[in-house]
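By convention in this document, chain letters (A, B, ...) are assigned in the order of the sequence lines, proteins followed by strands, and residues within each chain are numbered from 1. When reading the values below, keep in mind they use all heavy atoms of this one structure, side chains included, and skip hydrogens, waters and symmetry mates.
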Amino acid sequence: MRRGFLVGLVLIIALALVLVASQPTGALPEYSEQTGEPCAGCHISPSGGGLRTPRGQAWVGSGRPGVVPNLTDSLVLLGVRLTVDEADFVAPSDGVRTPPEAPEAPSEPAVIPAQAEELRSWLRTYAGN
Amino acid sequence: MRSFSRRSFIKLTGVTAATVAAAAGTRSLLDSSAADALAAGRSVLAAPALDEKWVRTTCALCPSGCGLEVRVVDGRAVKVEGSAIHPVNQGVCCLRAQASLEMLYSPERIERPRVRNGSKTDASATWREVSWEEALALVAGKLAELRNAGQEHTVAFLHSDTRGSMRATIERFMTAYGSPNAISMDSAGEQAARTAMFLSQGINGYPVYDLNNASYAMAFGGNLLESSRHVITALAAMAFMRRGRPQRGKFVAVHPRLSLTGVKADEWVPIRPGTYAALALGMANVIINSSLYDAQFVRDYTFGFEDFTDAQGVEHMGFKRLVLENYPLEKVEFITGVPAADIARLAGEFGTNRPAVAIMPLEPDGLDLRAALAVHALNALVGSIDVKGGVLVQRFPDLAPWPDDPLPLSTSGASTSGASSTFPFQPRVDVVNASPFEPPAPEALAARLASNDPYPVNALFLYNANPVYESPADGKMAEALLKIPFVVSFASTLDESAAHADVILPASTFLEIWGDDFVEGVGYPGASIRRPVVDLVHDTRNPGDVLLALAAALGGVAAQALPFADYKALCEHRLSAIDTDWAKFDENGVWSEMVYFNAQPGSKAWSNVVGRERLNAPKDGRFDFFSREMLAVMDGSQDAAAVDLACLPGFDAPAEGLTTPEYPFMLVTQGLITQPRTWSGIVPTLQESYGLQSNMKWNTWVEISPSAAAPLGLADHDRVWVESPLGRVQATVRLYKGMWPNAIYLPPGQGHRTGVSWGRGSAAPLVVGENVNRLLASQGVTRVRVYKI
């Protein structure tokens, strides 16, 4: 009995310390209520918490106002200057596709060695790392 | 069972409440004490204050390029963590980066420049340590001597992975000097995926798979979560697609071996090595037959799905007829060993769970370009080109142009624009294949170097490359290096190739140098900064600085082409075109646009994701099932059927079959997360955890199916020879049910020599494990046999 009591006591003390030491979480449902946004508006995980999306980062960075800025405004607030125009990524509604042109058949001789090497060299170069 | 009395319960409750209150009070007290102490400018601890800082930099140990935060105490780096604000790793950090401090402070490092005393062929020749001034004068003098003799083209620069501006700097240095021989030895698997992107999609870049948003992902080969190009983003995205969002995605791993990627996947599909193309085309057969493909996308934004007639009136086979006639399920089952019912089910799942994405093979077992094309065709079939959850195109930041470009258009005498250059045409030394789209085989390079074909190479630079180790015919590459009169290595340790050098200009580790890095694997553009976290540990230099110093010493065009005081200035110049808050960029160590915009088919931006870099095929925004780029370089003397087979994806069965009676097993290798691309095999912590699945370390093992081992009389932990037609290595048997019965697995990255005792009591040189490259055929499946020692 005495030993069981001591073991239980130690476990409870350890649990108590863990409970006290644990930090409150950062994701709060009231933020969702305050802004009218779902958790996924600001967090990468739709259930909230953890890493923030650019909108979430901008919202926190601007002092948690009543409204979460839209994506474009968020990027501006975060100092991101886009190098692309968002409108370029939207297809025109009246776009009509024409059938492809018939390609040329291979002719003889094929690519001359210098051209092949140029092509090979070009393929090796790469804009990335 | 002992009773727990009411009295005891009350006592425990009381003690618990008192403990909680006491603990809370203590914490509050501690907090206030600490706050008081800090406010008073006193140290919280009694120990003397240390000079501590965290420095943000960028990892260079794999192509992911993660942001790191390094804790530096009194000038010594003591801990590495992932940077939470870097878009690639978002705070996490793999084992390799954690172990990077062992590289920084490794006793294996070469501490200052070395010049060989005497001839390389003399085994007793020793090294002489020299100053950087002497070493650079020696190398610059040799380059000037060759240039004055009209032999610039006989200088070659062999490199593997590069980061940020280094690839462009190497290319520019070599072009300015007058040589076409900047030779990249990038991963063959990744190279095939990149070439497949070019031939089908018209993009000269590595594919980016949007796993975060995919409903269904299928990896054909490749240890995606351990050794892929974007391993860290893949790890995070896989966790997110399967656990971090309301609608869980499914991940399928196809490979002969149940790797960690297969273990983590929802489904592992065991397959006969080298047959990914057949499986992908069999799936395409089902998807087309069942009308599960995106018919509108295929009609409006692809080419070569249906049969067509070219401008000369010749009829060509389309992708649809190819797969319907040649890849029925029964045949595909026979080739791949995957049951027909499973192929049909996988195809159905892939076609109906959009966005679905198919991941191209990444590794050498059975790798070929046509397999990558077959897998990528699945993405086009379901319209997963530049959609959320599909294949994205990595964008890069706009960089400032090189200053006052004095260079001719090309070094090979002809450019794609047809303009001629001022340099006389000289062929490259690494070109042996008829098709410009096939990567050069390393052993063919060795043979060419050794036989002075097409001309003798008089000087060779080695940067992040260890061709003696990496080439299948290692003896031939060693022989080739011995024949080259002047070999300069930038190695940090005395690796197998540096041991054949004449001069070693030891590179500093990435924790000691300035540099830049491009964000990859997320789609949107970004760049990060690499900076010294500590002072130089030894008398080493940044290879970028060395190239600039050599260019300055050479003068003329070389000096004009690279007029920078140091590599930091070069990177700053290149990145200066980025429109951002530079103070913040410097503070964060990274800049990115944070958001990837998917281009709708037919939008203005669509031309940047399909067809952007086509050279000979139309930039009409169509994905090529039938590669018009390939068609343009075909030999016109071939008949139409041969042309069609070359321009379409396909499975090529080896003439001898996948196995032979003499060699009954197929060899598969997969990179491991414990295997860095540089510093491979000699980092103690990584060796200690080398075989995470097999629990093997400091050695080489062979995984073999119990059903295959039994007839051979092999038991777990037996020592065996694994032999291919090229050579044999020793290994320890690990019986593994997650292995295809006719295949065996050997881990890559072992077989390096170390001169450090590492706790074994002797500093005598030791080779740790075996070099698998000695067995590997450079193309197709490697066949092996296994027998007891």
Part of A/Leu75 within contact of chain B (heavy atom distance under 4.5 Å): side chain
Shortest non-hydrogen pair, B/Phe303 vs A/Glu101, comes out as CE1-O, 4.2 Å
Value rounded to 0.5 Å, distance of CD in A/Glu104 from CG in B/Asn616: 11.5 Å
Between chain A and each of B/Asp517, B/Asp581, B/Val609, count heavy-atom pairs under 4.5 Å; write down the option with the most. B/Asp517
Who passes side-chain hydrogen bond (donor to acceptor under 3.5 Å, both in side chains) against A/Thr83, sequence neighbours left out? B/Arg395, B/Glu593
Tell me, side chain or backbone of A/Thr98 under 4.5 Å from chain B's heavy atoms, or both, or neither? backbone
Residue B/Asn598 versus chain A: region with a heavy atom under 4.5 Å: backbone
Part of B/Arg163 within contact of chain A (heavy atom distance under 4.5 Å): both
Looking only at non-hydrogen atoms, find the nearest pair between B/Val595 and A/Pro54 and report the distance. CG2-CG, 4.3 Å
Could you tell me whether the side chain of A/Leu78 reaches within less than 4.5 Å of the side chain of B/Met594, counting heavy atoms only? yes
Can you tell which part of B/Phe597 gets under 4.5 Å to a heavy atom of chain A, answering side chain, backbone, both or neither? both
Smallest heavy-atom separation, B/Pro601 atom then A/Ala91 atom, equals O-CB, 3.3 Å
Structural part of B/Tyr301 lying under 4.5 Å from a heavy atom of chain A: both
Can you tell me if A/Glu30 has over 12 outside heavy atoms packed within less than 6.0 Å of its CD? yes
Please say whether more than 12 non-hydrogen atoms of neighbouring residues, nucleotides or ligands are located less than 6.0 Å from CG in A/Asp73. yes
Note: B/Gly621 and A/Arg97 closest approach over all heavy atoms is O-NH2, 3.8 Å
Segment of B/Thr162 engaging chain A (4.5 angstrom heavy-atom cut-off): both
Contact part of B/Gln638 toward chain A, heavy-atom cut-off under 4.5 Å: side chain, backbone, both or neither? neither
B/Gly602 and A/Pro92 have their tightest heavy-atom pair at O-CD, 3.6 Å
Side chain from CB out, backbone as N, CA, C, O: work out which of these in B/Ser592 comes under 4.5 Å of a heavy atom of chain A, or both, or neither. backbone
Heavy-atom closest pair, residues B/Gln312 and A/Pro103: OE1-O, 4.5 Å
